[in-house]
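Read the structure below first, then the notes.
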Amino acid sequence: DVKVTQSSRYLVKRTGEKVFLECVQDMDHENMFWYRQDPGLGLRLIYFSYDVKMKEKGDIPEGYSVSREKKERFSLILESASTNQTSMYLCASQRVAEPQHFGDGTRLSIL
Amino acid sequence: GEDVEQSLFLSVREGDSSVINCTYTDSSSTYLYWYKQEPGAGLQLLTYIFSNMDMKQDQRLTVLLNKKDKHLSLRIADTQTGDSAIYFCAETYGGATNKLIFGTGTLLAVQP
């Protein structure tokens, strides 16, 4: 079974802090993704990575950056957290041309 | 731009069949997916269908694809209370297999 692990289920941070969300997959997948999920808006892609050190912007990259130094790990960084980044964040991984598999999500609150 | 639409809510009685519908706009979609999300959890892949198929069955799940009308449906036979969740339809777009557009999800409520 594919296992995608997000480091925290719940996280509370303050406005202006630098926030790191971590995601690890154990299936040697090439592609990894970060989404945010908000009520009524579905899932929106923030960034994805198709190889180590390679990344591509998704639909809503503003205010976020990513890092992929190792194939199994994909980090989402909020450079200076703001209240409008309070959301559910979902990581996914994918072998090329196969379905995406998701982690359990991190519910992030910015106060 | 590309869009995926679903109805917001469906209520059924335990033991009945549920049918969740989805319409999409990108005719070049390669794959279409159904994901399930239980409260507080991530998305669980339920099933998917390749665009050159019109039906796929997997135990209690049946997926129907009408490419002409760009309509996808998920039928759950003998619906159980454990099936209560949000169901998301998603399509690949732009001819790629790594980019998905998701619908806003259908909340399925199963009444005992």
Side-chain angles (χ1 to χ4, degrees), chain A residues 1-11 21 23-25 27 29-51 54-60 74 87-109, chain B residues 1-9 20 22-26 28-53 56 58 61 63 72 74 85-107:
Chain A
D1 260 4
V2 177
K3 183 72 175 170
V4 179
T5 303
Q6 293 185 230
S7 53
S8 305
R9 292 297 302 275
Y10 301 94
L11 207 52
L21 302 183
C23 176
V24 176
Q25 50 97 1
M27 289 302 292
H29 285 172
E30 297 85 0
N31 296 336
M32 295 187 75
F33 306 80
W34 276 106
Y35 295 88
R36 65 178 280 177
Q37 182 182 17
D38 300 288
L41 296 176
L43 274 76
R44 293 178 292 166
L45 180 66
I46 304 171
Y47 267 98
F48 84 95
S49 169
Y50 48 93
D51 201 350
M54 307 304 287
K55 62 186 179 185
E56 192 169 309
K57 291 180 181 178
D59 300 317
I60 51 164
F74 191 35
S87 187
M88 173 76 138
Y89 289 87
L90 291 163
C91 174
S93 76
Q94 180 200 30
R95 193 180 311 283
V96 172
E98 293 187 3
Q100 293 184 23
H101 295 269
F102 285 81
D104 284 335
T106 296
R107 189 165 292 282
L108 175 64
S109 296
Chain B
E2 297 84 4
D3 195 17
V4 177
E5 292 192 356
Q6 301 177 237
S7 53
L8 289 180
F9 182 72
I20 302 171
C22 170
T23 57
Y24 61 97
T25 56
D26 187 352
S28 68
S29 287
T30 311
Y31 293 97
L32 296 110
Y33 299 90
W34 285 104
Y35 285 89
K36 175 184 180 183
Q37 185 177 37
E38 296 181 358
L43 273 65
Q44 172 195 351
L45 176 67
L46 280 181
T47 187
Y48 63 102
I49 189 166
F50 190 54
S51 58
N52 68 353
M53 300 168 64
K56 180 178 180 182
D58 184 0
L61 306 178
V63 179
L72 181 74
L74 174 70
I86 301 175
Y87 290 79
F88 289 93
C89 163
E91 62 160 348
T92 55
Y93 70 92
T97 59
N98 60 359
K99 294 186 179 179
L100 295 181
I101 294 182
F102 288 84
T104 51
T106 299
L107 175 61

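As the structure is a computational prediction, the values presented were derived from the model and not from experiment. Numbers restart at 1 for each chain; the letters A, B, ... are given by sequence-line order, proteins then strands.
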Separation of B:Ile101 CD1 from A:Leu45 CG (nearest 0.5 Å): 10.5 Å
Between A:Gln37 and B:Gln37: side-chain donor-acceptor atoms closer than 3.5 Å: yes
Side chains of B:Thr25 and B:Asp3, donor plus acceptor under 3.5 Å: no
Under 4.5 Å from any heavy atom of chain B, what part of [X] do you find: side chain, backbone, both or neither?
| X | value |
| --- | --- |
| A:Asp104 | both |
| A:Glu30 | neither |
| A:Gln94 | side chain |
| A:Tyr10 | neither |

Centroid-centroid under 6.0 Å between B:Tyr33 and B:Phe102 rings: no
is_close_aromatic(A:Phe33, A:Phe102), centroid dist under 6.0 Å: no
Atom group of B:Leu43 that falls short of 4.5 Å from chain A, counting heavy atoms: both
Check: A:Tyr89 and A:Leu11 side chains under 4.5 Å, non-hydrogen atoms: no
Pick from A:Arg9, A:Arg107, A:Arg44 with the largest number of heavy-atom pairs that fall under 4.5 Å of chain B: A:Arg9
Residue, of B:Ile86, B:Val4, B:Thr104, that accumulates the most heavy atom pairs under 4.5 Å with chain A: B:Thr104
